[in-house]
Amino acid sequence: MTILIILNREPYDLTDVTWNALRLAATLTDQGQGVRLFLMNDSVDLARDVCRPPEGYDQDLSAMLKALISRGVPVQVCGTCMARCGIHKNHPYFEGAESSTMAALAKWVADSDKVLTF
């Protein structure tokens with residue numbers, strides 16, 4: 001089964017939404033499911049090395065994303081959002097987070113068995 005997870009929220013927005021999305025992606029991967037991640041809106045910051053956990057937050061979300069990438073989970077980042085969104089505008093993205101397009105997202109949606117949004 002192929003599962004597409006679309007993230008939209010700023011990584012450290014005082015909720016655990018992004019953390020839970022990454023935990024789910026890791027668990028699905030552990031279970032042998034095909035997982036793909038697409039980052040858009042303010043979630044693009046997740047793929048920037050400059051994105052760090054705020055003081056007192058016990059999880060490094062960017063490190064979690066890098067771990068997923070190292071396990072072969074494809075990660076695409078909305079190219080338009082890369083320039084428009086996030087509090088870390090104009091900071092570089094780390095390796096494995098590929099710039100993408102709305103057309104590529106549409107293809108992933110059409111090719112996925114399940115699509116989840118966070």
Using side chain to side chain contact (heavy atoms under 4.5 Å, CB included), reason through Leu105 and Leu4 one step at a time and then give a plain yes or no. CA-CA 9 Å; Leu105 174 59; Leu4 170 60; 4.0 Å; yes

Using the side chain to side chain contact (heavy atoms under 4.5 Å, CB included) rule, take Leu24 and Leu116 through it: C-alpha gap first, then chi angles, then the decisive distance, then the call. CA-CA 10 Å; Leu24 177 60; Leu116 306 171; 3.7 Å; yes

Steps toward side chain to side chain contact (heavy atoms under 4.5 Å, CB included) verdict (Arg36, Thr2): CA-CA 8 Å; Arg36 303 185 280 198; Thr2 302; 3.4 Å; yes

Please determine whether side chain to side chain contact (heavy atoms under 4.5 Å, CB included) holds for the pair Val77 and Ser99, giving the CA-CA distance in whole Å, both sets of side-chain angles, and the decisive distance to 0.1 Å. CA-CA 5 Å; Val77 183; Ser99 179; 5.9 Å; no

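For the pair Tyr12 and Gln59, the tightest heavy-atom approach, listed with the atom from each and the gap, is OH-O, 3.5 Å.
At least one side-chain heavy atom of Leu46 sits under 4.5 Å from a side-chain heavy atom of Leu22. Between Asp16 and Tyr57, some side-chain heavy-atom pair lies under the 4.5 Å cut-off. In this structure, Trp108 and Pro74 have side chains that are in contact, with non-hydrogen atoms separated by less than 4.5 Å.
Taken to the nearest 0.5 Å, the CZ atom of Arg9 stands 10.5 Å off from the OG1 atom of Thr117. Note that SG of Cys81 is 5.0 Å distant from CG of Asn41, once rounded to the nearest 0.5 Å. In this structure, Arg48 CZ and Asp45 CG are separated by 5.0 Å, a value rounded to the nearest 0.5 Å. One finds the CH2 atom of Trp19 at 13.5 Å from the CG atom of Asp13 (value rounded to the nearest 0.5 Å). Distance CD/Glu10 to OG1/Thr15: 9.5 Å, rounded to 0.5 Å. Note that CE of Met40 and OG1 of Thr80 are 8.5 Å apart. Values are rounded to the nearest 0.5 Å.
The backbone N or O of Gln76 lies less than 3.5 Å from no partner atom in the side chain of Ser100, so there is not a single donor-acceptor pair.
There is a path of hydrophobic side-chain contacts, each under 4.5 Å, that joins Val44 to Met64. A chain of hydrophobic side-chain contacts below 4.5 Å, direct or via other Ile, Leu, Val, Met, Phe, Trp or Tyr residues, connects Leu39 to Val73. A continuous path of ILVMFWY side-chain contacts below 4.5 Å connects Met102 to Val109, so both sit in one hydrophobic cluster. When hydrophobic clusters are built by joining Ile, Leu, Val, Met, Phe, Trp and Tyr residues whose side-chain heavy atoms come closer than 4.5 Å, directly or via intermediates, Tyr93 is grouped together with Val75.
Evaluated for a side-chain contact (heavy atoms from CB on, under 4.5 Å) with Val115, the options Ile3, Ile5, Ile6 yield exactly one hit, Ile6.
Within 6.0 Å of atom CZ in Arg84, 12 or fewer heavy atoms from other residues, nucleotides or ligands are found, so the atom counts as exposed in its surroundings.
Salt-bridge annotation for Asp60 and Lys66: absent, with no side-chain N of the basic residue lying under 4.0 Å from a carboxylate O of the acidic one. A salt bridge links Arg71 with Asp30: the distance from a Lys NZ or Arg NE/NH1/NH2 to an Asp or Glu carboxylate oxygen falls below 4.0 Å.
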